[in-house]
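These numbers come from a predicted model, not from an experiment.
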Amino acid sequence: MFTRRLVLTGLGATSVAALVPSALWAAPIKPDEASALLVIDVQNCFLPGGSLAVKDGEQVVPIINRIAKGFANVVMTQDWHTAGHVSFASTHSGKKPFETVNLPYGKQVLWPDHCVQGTEGASLSKDLAIPHAGLVIRKGFNKNVDSYSAFTEADGKTTTGLAAYLKARKVKRVFLAGLATDFCVAWSALDARKAGFETYVIEDACRGIDTQGSLAKAWADMTKAGVKRIKSDDIAA
C-alpha cells in the first residue's frame, strides 16, 4: 500500500531529477578501440605570440594532454601552407585579413600569413604531450585551395585520406579538440558526420576566433548535423 510519505518522497525525487541537468546523471564516456581523438591545429601560429593567435588558445593544451591518455587512437593535424597561399590576405592586392573573396570553390576568409611550411609557426606546440599519436595529417598545402577540415579540402572533393585511415582501424566515433572551434574544428566535425562517424566536439578543449558571428553559426551547423557538444569532464580519461 502506498503511504502519503512514500508518495511525497517519490514526488520529491522526481522534482529533484527534473531540476538537475541530465549531463550530471549520465555516465562518463569511456573511449574504446572504436574511438579516436582528433587534435586539430594546435600550432604556434594559433597560440599567444603567433600571427593568427586564437584568444586563450594555450589553455586547450593541458586539457588535450589529459584526455589524450584515455585514447588508443589519436590523430593530430597541421595547417601546412605554401608561401603566398590563396587564403592569405597578402596574396590579394588591397585586401586585409578577415575580409572575404570569392574563389572557384566558394567564399574564402582571408587570413594573416600563418603556418607556412617548415617555419616555427607551423610547428605543433612543444607543450603537447601525446607520444602515442599515430598520425599527423598536413592540410592546406595546395597553394590554390584552403583546407580547414581534417577530412576534405575546401573544394569539397579532395580528401586527405583520414576517413579511410580511421575506418581501416574500425573507428566508429571521433572526438575533436583544438583550434579553432568555428573553423578547422567545426569543418572537421561536419565532415566526420558526412563520413558516417558518431562525432563529439569537446567544448572546453577548443577555442574559437569568432569573426562576424562565426562561432554561433558553427555551433548551430554542428548541432543540426548531429554533432554532440560535450566537456572534457564527460570523458572517463
Side-chain angles (χ1 to χ4, degrees), residues 15-43 46-48 53-77 124-125 127-134 137 148-151 162 166 171-211 213-237:
S15 300
V16 170
L19 292 172
V20 177
S22 59
L24 295 181
W25 294 94
I29 301 167
K30 179 66 175 175
D32 55 16
E33 292 294 329
S35 304
L37 176 65
L38 309 185
V39 180
I40 306 297
D41 296 1
V42 183
Q43 296 168 261
F46 302 128
L47 297 172
V54 178
K55 186 177 185 297
D56 298 328
E58 76 284 0
Q59 295 179 10
V60 307
V61 175
I63 299 172
I64 291 171
N65 286 342
R66 174 173 58 82
I67 60 180
K69 294 174 182 177
F71 286 85
N73 300 299
V74 181
V75 174
M76 309 204 322
T77 71
L124 295 168
S125 169
D127 295 321
L128 283 171
I130 316 175
H132 62 291
I137 290 277
Y148 296 144
S149 171
F151 291 88
L162 178 57
L166 294 172
V171 169
K172 303 293 185 185
R173 57 182 183 175
V174 297
F175 297 75
L176 289 93
L179 306 169
T181 313
D182 37 345
F183 287 93
C184 295
V185 172
W187 285 49
S188 297
L190 293 171
D191 280 348
R193 289 292 299 135
K194 289 177 185 175
F197 296 102
E198 185 178 347
T199 306
Y200 300 79
V201 169
I202 309 165
E203 184 176 9
D204 58 324
C206 304
R207 293 293 184 276
I209 294 173
D210 200 13
T211 176
S214 58
L215 188 58
K217 182 180 185 304
W219 280 119
D221 289 345
M222 288 190 284
T223 300
K224 183 177 180 181
V227 175
K228 299 174 183 179
R229 184 175 182 172
I230 63 172
K231 302 279 191 182
S232 60
D233 287 345
D234 295 324
I235 300 172

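Between Glu203 and Ile230, every side-chain heavy-atom pair lies at or beyond the 4.5 Å cut-off. Taking the side chain as every heavy atom from C-beta outward, Ser125 and Gln43 never approach each other to under 4.5 Å. Using a 4.5 Å cut-off on side-chain heavy atoms (C-beta onward), Leu166 and Phe151 make contact. A heavy-atom distance below 4.5 Å is not found between the side chains of Val61 and Ile63. The shortest distance between side-chain heavy atoms of Val201 and Arg229 does not fall below 4.5 Å. At a threshold of 4.5 Å between non-hydrogen side-chain atoms, the residues Thr77 and Leu38 do not count as touching. The closest side-chain heavy-atom distance from Ile235 to Pro31 is below 4.5 Å. Side-chain contact between Val174 and Ser35 is absent, with no heavy-atom pair separated by less than 4.5 Å.
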Original post:
Would Arg173 and Thr199 satisfy side-chain hydrogen bond (donor to acceptor under 3.5 Å, both in side chains), going step by step from the backbone distance to the final call?
Top reply: CA-CA 6 Å; Arg173 57 182 183 175; Thr199 306; over 6 Å; no

**OP:** Mind running side-chain contact (heavy atoms from CB on, under 4.5 Å) on Leu37 and Val75 for me, showing each step along the way?
**Re:** CA-CA 6 Å; Leu37 176 65; Val75 174; over 6 Å; no

**OP:** Apply side-chain contact (heavy atoms from CB on, under 4.5 Å) to the pair Met76 and Ile40, showing each step before the final yes or no.
**Re:** CA-CA 6 Å; Met76 309 204 322; Ile40 306 297; over 6 Å; no

**OP:** Quick one: do Ile130 and Phe71 satisfy side-chain contact (heavy atoms from CB on, under 4.5 Å)? Show the steps, please.
**Re:** CA-CA 10 Å; Ile130 316 175; Phe71 286 85; over 6 Å; no

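The distance from atom CZ of Phe175 to atom CD1 of Ile67, rounded to the nearest 0.5 Å, is 9.0 Å. Asn65 CG to Asp127 CG: the interatomic distance, rounded to the nearest 0.5 Å, is 8.0 Å.
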Show me the donor-acceptor pairs, under 3.5 Å and distance only, between side chains in residues 176-188 and residues at least two apart or in other chains.
residue: Thr181; atom: OG1; partner: Arg207; partner atom: N; Å: 3.3
residue: Thr181; atom: OG1; partner: Arg207; partner atom: O; Å: 3.1
residue: Thr181; atom: OG1; partner: Gly208; partner atom: N; Å: 3.4
residue: Asp182; atom: OD1; partner: Ile209; partner atom: N; Å: 2.9
residue: Asp182; atom: OD2; partner: Ile209; partner atom: N; Å: 3.4
residue: Asp182; atom: OD2; partner: Asp210; partner atom: N; Å: 2.5
residue: Asp182; atom: OD2; partner: Ser214; partner atom: OG; Å: 2.6
residue: Ser188; atom: OG; partner: Ala150; partner atom: N; Å: 2.9
residue: Ser188; atom: OG; partner: Cys184; partner atom: O; Å: 2.7

Only distances under 3.5 Å count here; give the side-chain donor-acceptor pairs of residues 219-226 to other protein atoms, sequence neighbours excluded, each with its distance to 0.1 Å.
residue: Asp221; atom: OD2; partner: Lys217; partner atom: NZ; Å: 2.7
residue: Thr223; atom: OG1; partner: Trp219; partner atom: O; Å: 2.9

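Ion pair Arg193/Glu198 not flagged as a salt bridge, since none of the NZ, NE, NH1 or NH2 atoms sits closer than 4.0 Å to an Asp/Glu carboxylate oxygen.
Side-chain atoms of Asp234 never come within 3.5 Å of backbone atoms of Pro28 as a donor-acceptor pair (strictly under, hydrogens ignored). Between the side chain of His132 and the backbone N or O of Ala68, at least one donor-acceptor pair lies under 3.5 Å. The closest donor-acceptor contact from the side chain of Asp56 to the backbone of Gln59 lies at 3.5 Å or more, if one exists at all.
Listed by chain and number, the residues in a salt bridge (Lys or Arg N to Asp or Glu O under 4.0 Å) with Glu33 amount to none (sequence neighbours excluded). Judged as a salt bridge (Lys or Arg N to Asp or Glu O under 4.0 Å), and not counting sequence neighbours, Lys172 has no contacts. Contacts of Asp233 classified as side chain to side chain donor-acceptor pair (under 3.5 Å), with partners at least two apart in sequence or in another chain: none. Residues satisfying the salt bridge (Lys or Arg N to Asp or Glu O under 4.0 Å) test with Glu58, not counting sequence neighbours, are none.
Residues Phe46 and Asp41 come closest through the heavy atom pair CD1-O, 3.2 Å.
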